[in-house]
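Read the structure below first, then the notes.
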Amino acid sequence: MQFPCDVVGMRRELHRFPETAFLEYRTASVVAERLSQLGYTVKTGADIMCMDDVRGIPSAGDVQAAKEAALQAGAYPKWLDKMPNGQTAVCGEMRRGDGPVLALRFDMDALPVHESDAGEHRPASAGFASQYEGRMHACGHDGHTAIGLAVAERLAWSEARWKGTLRFIFQPAEEGGRGAQPVVASGLLDDVDIFLASHLGCQLPSGQIALAADGFLWAEKWNVTFSGTAAHAAMCPEKGRNALLAAALAVPGLYALPRDGQSDTRINVGLLQAGRTRNVIADRAYLELELRASAQEGLQRLSAGARRAFEGAAVSQGVHVDIDVYGTAISAQSDETIMKRLEVAVHETHSGTVVRNWPIGGGDDATFMMQRVQERGGQAGYCLIGADIAAPHHASLFDFDEAVLENAVKLLTAFVERSA
């Protein structure tokens, strides 16, 4: 398979084959192969991911199915066996003499979102919509990966003006807050002097560059299971213990938690599944939800309240509840030195109008990478690249202004050349 040479073509090719957390085998193989072709030393798998404390690692069957689907979609076979057990991160490294270690992070994963086939949805009308039912690049990570590969290409040119060590990190499983921490745990960030992550959109219009994303929310992602007792719904309902009803009581209990005067908070239950059939008392209910807050203490209070809501609902129905903290995210602040370098790069490349700070409106587990670099004495930042969007992030009609991709490539290339 010949990879498209332009960044828009790259994005569209990646968009057609979205892959979810820790199953990004086609995407990762394409990234690894392209970096290798460009002359980067490529690491993947266990070399750059320590999975000891990761929740929700895909089953062996899911991994095998993802690899088979990746091969059918044109993946490079030689890379797949180097990524066991969902270890799909890819790092490309190049050295040119003495100088700082500079790392750029790009996320690769998609979402379990059905992509619209409406005529006004450009991926559908232009023929690059998702080929996989129920999966979609609905947040722009296809654009991020394409930008990363294009920047890697520009900086591999002999005339590119940088010295030191350049490290491209392509991260899986950003959605859900599980992909960055195993990369951090591997030690890949421990010697980094300069780190930058970026994101398209986030309500920032095309033509604007935010030197720093702020307002990263602290978050916990929960999987909750209620376990009850099945019984005949008419003959002996008193012998049953209704897990479905416990879940149904817990959800409004969550949303009824008192507001927090010290922290902005968010709660969302995104999935609730329960029951077997109409004439059986439901013995199981399962929920997926997230809790977010603008401060760590606010998240702790919200988490405590949510536990009380679940435990109270369980007691009321005589069922058991199990709460699994599936993923987490923290907040972080960009260093001023990174912001200044970005501002110079924006002006040099005429890539947009500078906005100093812009609220990200959510979170990104790249903050774990930022934290690690900063605590080891390096400088870290997270910028936003404005892009008009057709619908909100994570919506089935999501799409972004592809004209911003080339400007993003110029900006990040100039940032590296100035920093290194």
Side-chain angles (χ1 to χ4, degrees), residues 28 31-32 34-36 38-45 47-50 87-108 141 144-156 160-174 179-199 211-213 216 330 332-335 337-342 345 364-385 408-409 411-420:
V31 168
R34 183 59 178 151
L35 291 173
S36 179
L38 291 169
Y40 289 85
T41 299
V42 177
K43 293 182 180 180
T44 189
D47 289 341
I48 58 170
M49 292 187 77
C50 177
Q87 294 165 298
T88 48
V90 179
C91 177
E93 182 173 295
M94 186 176 289
R95 297 183 181 182
R96 288 185 179 176
D98 296 330
V101 178
L102 188 150
L104 300 177
R105 188 227 64 166
F106 305 92
D107 42 14
M108 303 184 294
H141 298 186
H144 301 166
T145 302
I147 291 167
L149 290 174
V151 174
E153 180 179 354
R154 307 267 172 107
L155 292 171
R161 304 185 311 276
W162 62 273
K163 291 183 179 180
T165 299
L166 182 56
R167 196 171 289 164
F168 285 85
I169 301 171
F170 290 84
Q171 178 202 317
E174 185 279 325
Q181 293 183 75
V183 175
V184 172
S186 76
L188 187 63
L189 282 299
D190 287 359
D191 62 345
V192 170
D193 300 299
I194 299 167
F195 174 87
L196 181 65
S198 56
H199 205 297
L211 303 180
F216 285 98
I330 63 173
Q333 294 288 330
S334 291
D335 287 302
T337 55
I338 301 295
M339 296 171 66
K340 289 179 178 177
R341 286 186 170 104
L342 272 168
D364 188 319
D365 65 352
T367 51
F368 286 107
M369 296 184 176
M370 294 174 66
Q371 179 189 65
R372 185 61 170 171
V373 170
Q374 290 167 335
E375 68 186 14
R376 301 280 291 187
Q379 304 291 305
Y382 192 115
C383 71
L384 296 176
I385 299 165
V409 173
L411 170 64
L412 296 183
T413 300
F415 174 83
V416 171
E417 292 185 318
R418 172 155 295 278
S419 300

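In what follows, residues are counted from 1 in the order of the sequence shown.
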So, the side chain of [X] versus the backbone of [Y]: is there a donor-acceptor pair under 3.5 Å, distance only?
X	Y	answer
Ser36	Ala32	no
Thr44	Ala89	yes
Thr88	Gly45	no

Roughly how far, to the nearest 0.5 Å, is [atom2] of [Y] from [atom1] of [X]?
X	Y	atom1	atom2	result
Ser334	Leu211	OG	CG	9.0 Å
Cys91	Leu189	SG	CG	9.5 Å
Leu166	Leu104	CG	CG	6.5 Å
Thr413	Arg161	OG1	CZ	10.5 Å

By side-chain contact (heavy atoms from CB on, under 4.5 Å), which residues pair with [X], not counting sequence neighbours?
X	answer
Ala332	Thr367, Met370
Thr165	Glu93, Arg95, Val101, Arg167
Ala345	Leu411, Ala414, Phe415
Gln379	Asp335, Thr337, Ile338

Residues in ring-ring contact (aromatic ring centres under 6.0 Å, His included) contact with Tyr40, at least two apart in sequence or another chain: Phe168

Would you say the side chain of [Y] lies within less than 4.5 Å of the side chain of [X], judging by non-hydrogen atoms?
X	Y	answer
Gln333	Gln374	no
Asp364	Arg105	yes
Val184	Gln371	no

Non-neighbouring partners of [X] that pass side-chain hydrogen bond (donor to acceptor under 3.5 Å, both in side chains), sequence neighbours left out:
X	value
Asp365	Gln171
Arg96	none
Gln181	Thr328
Arg372	Asp190, Glu375

Taking every non-hydrogen atom, the tightest pair across [X] and [Y]:
X	Y	value
Glu417	Trp162	CA-CB, 4.4 Å
Ala408	Ile147	CB-CD1, 3.6 Å
Glu174	Asp107	CG-OD2, 3.6 Å
Leu38	Ala152	CD1-C, 4.0 Å

Passing candidate, side-chain contact (heavy atoms from CB on, under 4.5 Å) with Leu102, options Leu155, Val192, Asp193, Ile194: Ile194

Derivation and outcome, side-chain contact (heavy atoms from CB on, under 4.5 Å), residues Leu35 and Phe170: CA-CA 11 Å; Leu35 291 173; Phe170 290 84; 3.9 Å; yes

Ring geometry between His199 and Tyr382 (parallel below 30°, tilted from 30 to 60°, perpendicular above 60°): parallel

